[in-house]
Participant: 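I'd like to ask some things about the structure below.
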Number of protein chains: 2
Amino acid sequence: MNLPIYRHLFNQLKDKILRGELKPGDMLQSENELAQQYSTSRLTVRKSLSMLDNEGFITSFPGKGYYIIEPDHSKYTLLFNELNSGSKNNLYSKLLGVNATNPDAAICQKLQISCDHKVVVILRLLYSNEGPIAYDVKYIPYDRGRPIVEKAIEYAALPDMVAKKSSPFAIKKELCIYIEKSNQEINKSLCLPESEPLLVVEQSLYDYENKPIGLGKTYYGGEHGKIRAYSNMRE
Amino acid sequence: MNLPIYRHLFNQLKDKILRGELKPGDMLQSENELAQQYSTSRLTVRKSLSMLDNEGFITSFPGKGYYIIEPDHSKYTLLFNELNSGSKNNLYSKLLGVNATNPDAAICQKLQISCDHKVVVILRLLYSNEGPIAYDVKYIPYDRGRPIVEKAIEYAALPDMVAKKSSPFAIKKELCIYIEKSNQEINKSLCLPESEPLLVVEQSLYDYENKPIGLGKTYYGGEHGKIRAYSNMRE
DNA sequence: AAGTGGTCTAGACCACTTT
DNA sequence: AAGTGGTCTAGACCACTTC
């Protein structure tokens with residue numbers, strides 16, 4: 001094993017917290033006390049404590065000390081990629097159509113453009129070996145000399161479609177998950193009964209100045225419409 | 001302003017990454033070079049770099065150097081608390097009923113208990129000033145001398161209901177979001193048309209040994225069924 | 001052999017809180 | 001005044017990669 005000292009101290013403290021020996025509100029020993037106890041330097045202790053801080057277990061107040069935090073039970077991590085739908089490993093994409101049109105008012109509003117602004121609309125069907133999984137629509141404002149690479153249209157996820165001169169880190173993303181009434185064309189493409197409601201994952205992308213640069217709507221039907229999120233302090 | 005040195009260096013590097021001056025795959029200067037350039041010590045430089053690492057911008061390889069990461073575009077943060085439904089600040093809770101029963105097979109399976117195991121079922125209606133928002137059901141296995149505080153039943157979120165002797169950090173949580181066919185009783189409670197489908201947020205809680213300790217299902221109808229998630233490297 | 005990051009020491013000064 | 005965390009210095013040795 002031979003863990004570094006800071007790792008060892010980190011594990012011990014984390015363990016005490018997970019076992020409930022240290023509870024929210026409790027104060028930790030001071031840096032100097034811990035350094036003495038573990039026969040190490042203050043810096044090494046600080047390394048352990050800063051890791052516990054980063055992982056959301058403790059916080060510190062100058063002149064006072066370190067305290068166990070009240071955990072935030074409402075925070076989850078959600079992994080979403082329309083081309084990599086969780087459980088299904090082998091997800092394929094089939095291009096149904098591409099065109100530049102004036103979309104309806106709701107889409108224009110979300111993209112913060114006027115109604116006469118041209119928008120590239122990309123329609124795709126996502127399917128596995130067992131059949132269709134989802135119907136996918138992208139709306140990308142057609143302007144600013146932002147080229148959309150041909151290859152990307154069929155096989156790329158939205159963030160990669162709108163990849164720009166600037167940094168991929170500068171993109172801000174939002175998801176909104178909701179039910180949409182059945183849509184004749186989509187339900188047909190997904191081999192679903194006409195009246196079946198669809199689970200929509202709507203993905204909005206914004207650039208560095210918070211301008212919308214892309215909107216994606218992925219429609220899931222039946223058993224495929226399960227979006228998962230998780231939260232775990234233990235790992 | 002008078003920022004500490006490590007903060008200053010962190011901001012400068014983060015800025016270069018966000019502006020695209022440093023792209024994924026690029027290598028950073030070495031710790032020693034940066035320390036010289038900024039007339040500071042290696043430790044101070046390392047502090048800046050470890051912060052960039054923590055925030056997912058860079059990674060390092062011993063003997064090689066620091067590299068800009070390819071950002072993970074599929075990761076989102078989702079905030080969910082059945083009693084604090086995002087936009088609506090004032091959310092009230094009305095207890096509809098509590099009983100100990102044997103729930104159906106699907107619930108038993110999710111709770112990993114046999115079908116004759118008693119389960120506490122808590123039914124609540126969540127509403128704002130403008131009317132009902134959601135219908136909420138909790139299933140809590142009735143055993144192990146886990147007391148459920150009376151006050152908690154009406155006004156607590158699931159993680160607080162199953163608060164235990166052990167630590168609140170030890171709980172593992174999962175969410176699953178999906179559509180469920182309309183339910184006569186629920187739709188009526190939510191003042192919805194009989195046939196309206198419902199958006200379900202299913203919350204599973206596990207203890208330190210990965211044993212299920214609680215299951216919550218929150219049913220949203222119509223306009224209230226919008227679950228949001230976000231991702232932002234810029235903040 | 002030289003350079004890189006990973007770990008660690010033994011100090012120092014500061015602003016802050018507590019007594 | 002004494003103790004706390006926040007910042008910082010100037011070293012050191014190690015394992016690793018590159019040349």
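Here is how names work: the chains are called A, B, and so on, in the same order as the sequence lines, proteins then strands, and each is numbered from 1. Just the heavy atoms: all of them, side chains too, but no hydrogens, waters or symmetry mates, feed the values below.
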Participant: Within this structure, what is the CG-to-C1' distance between A:Leu34 and D:dG3, rounded to whole angstrom?
Facilitator: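 Distance check: A:Leu34 CG to D:dG3 C1' gives 15 Å.
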
Participant: Closest to the B:Ser30 side chain: C:dT7, D:dT7, C:dT4?
Facilitator: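 Looking only at heavy atoms from C-beta outward on B:Ser30, the closest nucleotide is C:dT4.
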
Participant: Distance check needed: D:dT4 C1' versus A:Ile58 CD1, whole Å only.
Facilitator: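 Atom CD1 in A:Ile58 sits about 14 Å away from atom C1' in D:dT4.
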
Participant: Which listed nucleotide (D:dT7, C:dG5, D:dG5) is nearest to the side chain of B:Tyr6?
Facilitator: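 Looking only at side-chain atoms, B:Tyr6 lies closest to D:dT7.
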
Participant: Who does D:dT18 pair with, Watson-Crick or G-U, both distances under 3.5 Å?
Facilitator: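 Per the H-bond distance test, C:dA1.
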
Participant: Which base, if any, makes a Watson-Crick or G-U wobble pair with C:dT9, both distances under 3.5 Å?
Facilitator: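 Pair assignment: C:dT9 / D:dA10.
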
Participant: Does A:Glu31 form a salt bridge (Lys or Arg N to Asp or Glu O under 4.0 Å) with A:Arg46? I'd like the steps, not just the answer.
Facilitator: CA-CA 7 Å; A:Glu31 294 178 351; A:Arg46 281 180 64 77; 2.7 Å; yes

Participant: Reckon A:Tyr66 has a side-chain N or O less than 4.0 Å from the OP1 or OP2 of D:dG6?
Facilitator: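 It does, given that an N or O in the side chain of A:Tyr66 lies less than 4.0 Å from OP1 or OP2 of D:dG6.
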
Participant: Look at the side chain of A:Ser48 and the backbone N and O of A:Tyr6, then say whether any donor-acceptor pair between them is shorter than 3.5 Å.
Facilitator: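 Such a contact is found between A:Ser48 side chain and A:Tyr6 backbone.
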
Participant: Roughly, in whole Å, what's the span from OH in A:Tyr67 to C1' in D:dG5?
Facilitator: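 So the two atoms are 11 Å apart, to the nearest Å.
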
Participant: Taking NE2 from A:His8 and P from C:dG6, how many angstroms apart are they, rounded to a whole number?
Facilitator: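 Rounded to the whole Å, the gap is 22 Å.
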
Participant: Between the base of C:dG11 and the side chain of A:Arg42, is there a donor-acceptor distance below 3.5 Å?
Facilitator: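 No.
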
Participant: Kindly indicate whether the side chain of B:Val162, heavy atoms from C-beta on, has any atom under 4.5 Å from the side chain of B:Ile140.
Facilitator: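 The answer is yes, as the side chains (C-beta and beyond) meet within the 4.5 Å cut-off.
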
Participant: OP1 or OP2 of D:dT4 less than 4.0 angstrom from a side-chain nitrogen or oxygen of A:Asn32, does that happen here?
Facilitator: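 Yes.
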
Participant: State which residue, out of B:Lys173, B:Lys110, B:Lys138, fulfils the salt bridge (charged side-chain N to carboxylate O under 4.0 Å, His left out) condition with B:Glu202.
Facilitator: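 Checked B:Lys173, B:Lys110, B:Lys138 against B:Glu202; only one passes salt bridge (charged side-chain N to carboxylate O under 4.0 Å, His left out): B:Lys110.
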
Participant: Counting side-chain heavy atoms from CB outward, which of D:dG5, D:dC8, C:dG6 is closest to A:Ser60?
Facilitator: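 The nucleotide sitting nearest to the side chain is D:dG5.
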
Participant: Want to settle it: does B:Leu28 or A:Thr44 sit nearer the 5' end of DNA chain C, counting the closest nucleotide to each?
Facilitator: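 The 5'-side residue here is B:Leu28.
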
Participant: Rounded to whole angstroms, how far apart are CG on A:Leu49 and P on C:dC8?
Facilitator: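 In whole Å, C:dC8 P and A:Leu49 CG are 14 Å from each other.
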
Participant: Report the distance from atom CZ of B:Phe61 to atom C1' of D:dA15, rounded to the nearest whole Å.
Facilitator: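 Rounding to the nearest Å, CZ of B:Phe61 and C1' of D:dA15 are 16 Å apart.
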
Participant: Nearest 0.5 Å, please: how far is CG in B:Leu18 from CE in B:Met233?
Facilitator: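 B:Met233 CE to B:Leu18 CG: 8.0 Å, rounded to 0.5 Å.
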
Participant: Could you check which of C:dG6, C:dT9, C:dC8 has an atom nearest any side-chain atom of A:Thr40?
Facilitator: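 The closest nucleotide is C:dT9.
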
Participant: What is the nucleic acid contact for A:Ile5, judged by heavy atoms within less than 4.0 Å: base, sugar-phosphate only, or nothing?
Facilitator: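 Here A:Ile5 touches the backbone only, sparing every base.
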
Participant: Let me spell it out: for each of A:Gln29 and B:Arg7, pick the nucleotide of DNA chain D with the closest heavy atom. Which residue's pick is nearer the 5' end?
Facilitator: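 The residue whose closest nucleotide sits nearer the 5' end is A:Gln29.
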
Participant: Side chain of B:Lys64, heavy atoms from C-beta onward: which of C:dG5, D:dT18, D:dG5 has the nearest atom to it?
Facilitator: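 My answer, after comparing the listed nucleotides, is D:dT18.
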
Participant: Which whole-number value in Å describes the distance from B:Lys47 NZ to C:dT7 P?
Facilitator: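 Roughly 15 Å, once rounded to whole Å.
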
Participant: For A:Glu31 and C:dC16, give me the distance from atom CD to atom P, rounded to whole Å.
Facilitator: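 These atoms are roughly 17 Å apart.
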
Participant: Indicate whether OP1 or OP2 belonging to D:dT9 is found under 4.0 Å from a side-chain N or O atom of B:Tyr38.
Facilitator: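 Indeed not, no polar side-chain atom of B:Tyr38 lies that close.
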
Participant: Please work out if B:Ser41 contacts a base, only the sugar-phosphate, or nothing of the nucleic acid, heavy-atom cut-off 4.0 Å.
Facilitator: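 Here B:Ser41 touches the bases of the nucleic acid.
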
Participant: Check for a donor-acceptor pair, side chain of A:Ser167 on one end and backbone N or O of B:Ile17 on the other, with a separation under 3.5 Å.
Facilitator: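 Looks like yes, one N/O pair under 3.5 Å.
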
